[in-house]
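Report on the structure given below.
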Amino acid sequence: MKKLIADMHTHTIASGHAYGTIREMAEAASAQKLDILGLTEHAPGIPGTADPFYFLNLKVIPRRIHGVKILHGCEINVLDGGKLSLKQRFIEKLDYASVGIHRPCYADQGCDRNTENLIQCMKHEKVCFVTHPDDDHTPLDYERLVRAAKEFHVALEVNNSSLNKPEKRWNCHENYRSMLHLCDHYRVPILINSDAHDPSSVGDFEQAEALIDALNFDESLILNNEAGKLMDFIGCRGLMG
């Protein structure tokens, strides 16, 4: 499998339940020979995360640390009614946004409603990918999800952390197999991410890569194995330098 050059879903101490600073995470990314590190702090709704004011001052952070390009995202919560848990004036300060269902701020609405709420959030122009769409605590209709991802130019994530804890993420392996089959069929791009909450997990894609290899998935659909392809997709080509 072609080497992955970016980890686009990671959390620092600003998320409240993660344990590395920005520079520690960048150092870990450099050690893993990553070119790009995406920092995606949790949005309001997750206990202990940063106040939204945090996202207004991201410009003070160097764009390159330990030789790694730093991109600023946010993992925004899907709320009932398809609402985002971060207001527009803060989203505008991000390089990119991701959206995901998190049970601390979302009660299961059933497969159809869960899927509809997620799709509504995917329509925002800043949203580039869906995080960990894999847990049957909040089941999803993967046919609808994948087709919506294609329509709204959104990638779907294969989350290595989820695959490492199947006892917490119900049926995640089976759900990813279903999702990836549909992504291959409909030509929908994916991201493989660590969801690291500690520097030791940055760039850890082992479980996700094994799954991709086992399914003989088309690697041309993986966004984070080429910097140009990834940056074009998320609209950050201007930050390549």
Side-chain angles (χ1 to χ4, degrees), residues 6-18 22 25-26 36-63 65 69-106 109 114-133 138 140 145 148-157 159 188-191 193-197 223-224 230-240:
D7 193 349
M8 297 296 289
H9 181 181
T10 68
H11 299 273
T12 76
I13 54 174
S15 282
H17 62 284
I22 291 173
M25 300 294 274
I36 300 167
L37 177 66
L39 302 170
T40 51
E41 310 303 351
H42 283 290
I46 301 299
T49 197
D51 187 280
F53 185 78
Y54 176 90
F55 299 107
L56 296 180
N57 201 36
L58 296 172
K59 63 183 180 295
V60 305
I61 301 167
R63 277 295 184 181
I65 304 175
K69 171 67 69 177
I70 304 298
L71 296 179
H72 298 293
C74 179
E75 188 176 14
I76 305 175
N77 303 298
V78 173
L79 303 179
D80 192 23
K83 297 178 181 178
L84 297 168
S85 74
L86 189 65
K87 293 181 179 178
Q88 179 64 21
R89 73 186 187 100
F90 303 111
I91 296 175
E92 290 171 354
K93 301 298 182 180
L94 305 173
D95 296 323
Y96 66 99
S98 61
V99 293
I101 292 174
H102 293 91
R103 287 191 289 148
C105 54
Y106 185 92
Q109 303 290 307
N114 295 339
T115 306
E116 182 60 28
N117 287 337
L118 181 51
I119 289 172
Q120 289 302 314
C121 290
M122 290 162 61
K123 294 179 181 180
H124 192 286
E125 69 277 3
K126 204 81 169 188
V127 171
C128 295
F129 68 95
V130 173
T131 60
H132 44 62
T138 51
L140 298 168
L145 177 66
K150 186 175 185 69
E151 180 179 357
F152 299 116
H153 189 68
V154 172
L156 299 175
E157 178 187 72
N159 186 296
V188 170
I190 68 166
L191 279 164
N193 290 318
S194 70
D195 196 1
H197 284 64
L223 291 175
N224 53 325
L230 171 64
M231 298 292 267
D232 281 343
F233 188 87
I234 67 174
C236 289
R237 169 66 79 163
L239 299 177
M240 282 286 286

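Heavy-atom basis, side chains included; hydrogens, waters and symmetry copies ignored. Please read all numbers here as calculations on a predicted model, not as lab measurements.
- Panel note: side chain Thr40, backbone Gly73; no donor-acceptor pair is recorded below 3.5 Å.
- Here the NZ atom belonging to Lys87 is positioned 14.0 Å from the CZ atom belonging to Phe55, to the nearest 0.5 angstrom.
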Intermediate values then yes/no, ring pair (Phe, Tyr, Trp, His ring centres under 6.0 Å), His153 and Phe233: CA-CA 8 Å; His153 189 68; Phe233 188 87; 4.1 Å; yes
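- Each of Ile22, Leu39, Asp195 was compared with Thr10 under the side chain to side chain contact (heavy atoms under 4.5 Å, CB included) criterion, and only Leu39 meets it.
- If you take CG on Asn57 and NE2 on His72, they are separated by 10.0 Å, rounding to the nearest 0.5 Å.
- Going from atom OH of Tyr54 over to atom OG of Ser15 covers 7.5 Å, rounded to the nearest 0.5 Å.
- At distances below 3.5 Å, not a single donor-acceptor pair connects side-chain atoms of Asp7 with backbone N or O atoms of Asn193.
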Worked check of side chain to side chain contact (heavy atoms under 4.5 Å, CB included) between Asn224 and Ile36: CA-CA 9 Å; Asn224 53 325; Ile36 300 167; over 6 Å; no
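- A donor-acceptor pair under 3.5 Å is formed between the side chain of Glu41 and the backbone N or O of Thr12.
- Partner Val130 forms a side chain to side chain contact (heavy atoms under 4.5 Å, CB included) with one of Leu118, Ile190, Ile101 and no other, that one being Leu118.
- In this structure, Leu79 and Cys105 approach most closely via the heavy-atom pair CD2-O, 3.7 Å.
- Here the side chains of Met231 and Leu71 are in contact, with some heavy-atom distance below 4.5 Å.
- The closest side-chain heavy-atom distance from Ile91 to Cys74 is not below 4.5 Å.
- Between His124 and Ile76 there is no side-chain heavy-atom pair separated by less than 4.5 Å.
- Residue Ser194 comes nearest to Asn159 through the heavy atom pair O-OD1, 4.3 Å, listed as atom of the first residue, atom of the second, then distance.
- Of all the heavy atoms in Phe152 and Met122, the pair that sits closest is CB-O, 4.1 Å.
- Considering only heavy atoms from C-beta on, Leu191 stays 4.5 Å or farther from His9 through its side chain.
- Listed by first then second residue, pairs satisfying side chain to side chain donor-acceptor pair (under 3.5 Å) with a partner in residues 94-104 read Arg63-Asp95, Glu75-His102, Asn77-His102, His102-His132, not counting sequence neighbours.
- The only option from Thr138, Asp80, Asn117 that meets the side-chain hydrogen bond (donor to acceptor under 3.5 Å, both in side chains) definition with Tyr106 turns out to be Asn117.
- Looking at every heavy atom in both residues, Glu92 comes nearest to Lys126 through O-NZ, 3.9 Å.
- Shortest non-hydrogen contact noted between Lys93 and Leu58 is O-CD1, 4.1 Å.
- Looking at Thr49, its side chain does come within 3.5 Å of a backbone N or O of His42 through a donor-acceptor pair.
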Show your working on side chain to side chain contact (heavy atoms under 4.5 Å, CB included) between Ile61 and Lys59 and close with a plain yes or no. CA-CA 5 Å; Ile61 301 167; Lys59 63 183 180 295; over 6 Å; no
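- For the pair Lys83 and Cys121, the tightest heavy-atom approach, listed with the atom from each and the gap, is O-SG, 3.5 Å.
- Using a 4.5 Å cut-off on side-chain heavy atoms (C-beta onward), Phe129 and Leu223 make no contact.
- At a threshold of 4.5 Å between non-hydrogen side-chain atoms, the residues His11 and His17 do not count as touching.
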